[in-house]
Amino acid sequence: MPRSIRPAPGNLLYAQSGGPTAVINATAAAVIQAARRARGKIGKVYAARNGILGALREDLVDTGALSDAEVRAIGHTPGAAFGSCRFKLKGIEDSRAQYERLVAVFRAHDIRWFLYNGGNDSADTSNKISRISAELGFPIHCIGVPKTVDNDLVVTDTCPGFGSVAKFTAVSMREAALDVRSMAESSTKVFVMEVMGRHAGWIAAAAGLAGRKPDEAPHLILFPEIPFDEARFLAAVKATVERVGWCAVAVSEGLKTADGRFLAEAGGKDAFGHVQLGGVGPQIAQLVTARLGYKNHWSVADYLQRSARHVASKTDAEQAAAVGKAAVEYAVAGMNAVMPVIRRRANAPYRWTIEPAALADIANHEKKMPADFIREDGYGITPAARRYLAPLIQGEAFPPWGPDGLPAYATPRFKAVRKRLPGYAIADR
Ligand code: F6P
């Protein structure tokens, strides 16, 4: 008789949430690979389509149908391979039906672990599911897996996804600056590049890595942490053009007026209640031309910056994979309501480790740029910021390139898991 194999004590569900990063799928691949290695301890590894929405709709895929090569290829592909969402679960008092539905889905598919890959809103969702599923009699072990280009999660030293957007931003600023410099004598004098980051200026700060010496681009960085002072800014642009011949500006989408309003609200709000940002770059550029008469060019990096896998940071890709692997290890070890976070052990050479932190300490908090990372005049980064940022963009993790001269990205067809429950319409969106 064959040796009896103890049945795995349940299945694992992985889902992605919020804005994708260049390396979120490195985390996804690492989760799948680590769970495969934990065979016998974890049963099937499911992924929900479009984050928690797929869990509510019972729209699950079986990652077991993917070959090892397909998993590896997903790992170097940008976007969120399984689809993402912006959807916030409220408390049990407002959304009892949604929690009951989630528990019904988890129960129907024997899901015992939920790994939610996202930012601080997703940490909040994982934390709530962990607590409320226990209250509803089907306790789920929830692990939040960090990800956000905004780099605004507390406790962790950095957020997977940030190192790559930082590298893209610094590379783009260095390259575009050479272009402006060559045109400045008779044409363009000012270049403005808008980057993401919402309320936190980490991505804008990363543009500062492009220049090493005084008067190298970017000459001015506009942080969301520093209220915009129009007259002072215009004077700084004029002084830079007169001194250097041209001026490169990096501006964060979250730049605010002195009374706390965003300069550029694009209009809508998402399901988390976040205002959609975008457009401050052209606004600033037009202001410069209208008031100082300089010809400008501007760019809004927008989705290009968070999908730029071709110029991803190797350090970032490694950290993204490491948190995925650790999340599975924590799940197997019986941990609950925690997140694997990155702890910096040394700056030079950069050394880091992964350790668990309580989701309750991370959910709904936001880490902004500390004051000692912003230059005294408010328009640049300090040596301390440079020491923090520089290791995060180290190394290149190029994807393979195809015969068409483009990165060979993978969007495999997923095998749907057969539904066992009646359909469910998601109200309250
Ligand atoms: O949360 C990350 C982020 O990239 C922010 O920097 C940006 O403001 C936002 O997402 C844009 O989100 P969406 O794609 O939902 O409009």
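Hydrogens, waters and symmetry mates play no part in the numbers below; they use all other heavy atoms, side chains included. All ligand and atom numbering here is 1-based and tracks the order in the structure. Throughout, residue positions are numbered sequentially from 1 according to the sequence presented.
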Query raised in the report: So with a 6.0 Å cut-off around NZ of K295, is the heavy-atom count from everything else above 12?
Result: yes
Report task. Say whether, by atom type as modelled, one donor and one acceptor occur between the side chain of S133 and the main chain of I129 under 3.5 angstrom. Result -> yes
Query raised in the report: Are any side-chain N or O atoms of T315 and backbone N or O atoms of Q394, one a donor and one an acceptor, separated by less than 3.5 Å?
Result: yes
Requested in this report: Could you say whether the N/O atoms of T148 and ligand 1 ever approach to under 3.5 Å?
Outcome: no
Query - Polar proximity ligand 1 side, M196 side, N/O cut 3.5 Å exclusive - result: no
With heavy-atom distances below 4.0 Å as the criterion, list the atoms of ligand 1 near [X].
| X | answer |
| --- | --- |
| Y303 | 13 (P), 14 (O), 16 (O) |
| G197 | 6 (O) |
| E253 | 5 (C), 6 (O), 7 (C), 8 (O) |

**Report entry** Distance-only polar pair, side chains of Q16 and N25, donor-acceptor under 3.5 Å
**Finding:** yes
Query raised in the report: What heavy-atom pair brings P218 and A210 nearest, and what distance separates the two atoms?
Result: CD-CB, 4.1 Å
Report summary line: Note: R198 and S252 closest approach over all heavy atoms is O-OG, 4.0 Å
Query raised in the report: Measuring from the heavy atoms of L277, does anything fall under 4.0 Å of ligand 1?
Result: no
Query raised in the report: Does G119 have a heavy atom less than 4.0 Å from any atom of ligand 1?
Result: no
Query raised in the report: So which bit of I203 gets within less than 4.0 Å of ligand 1, heavy atoms only: side chain, backbone, both or neither?
Result: neither
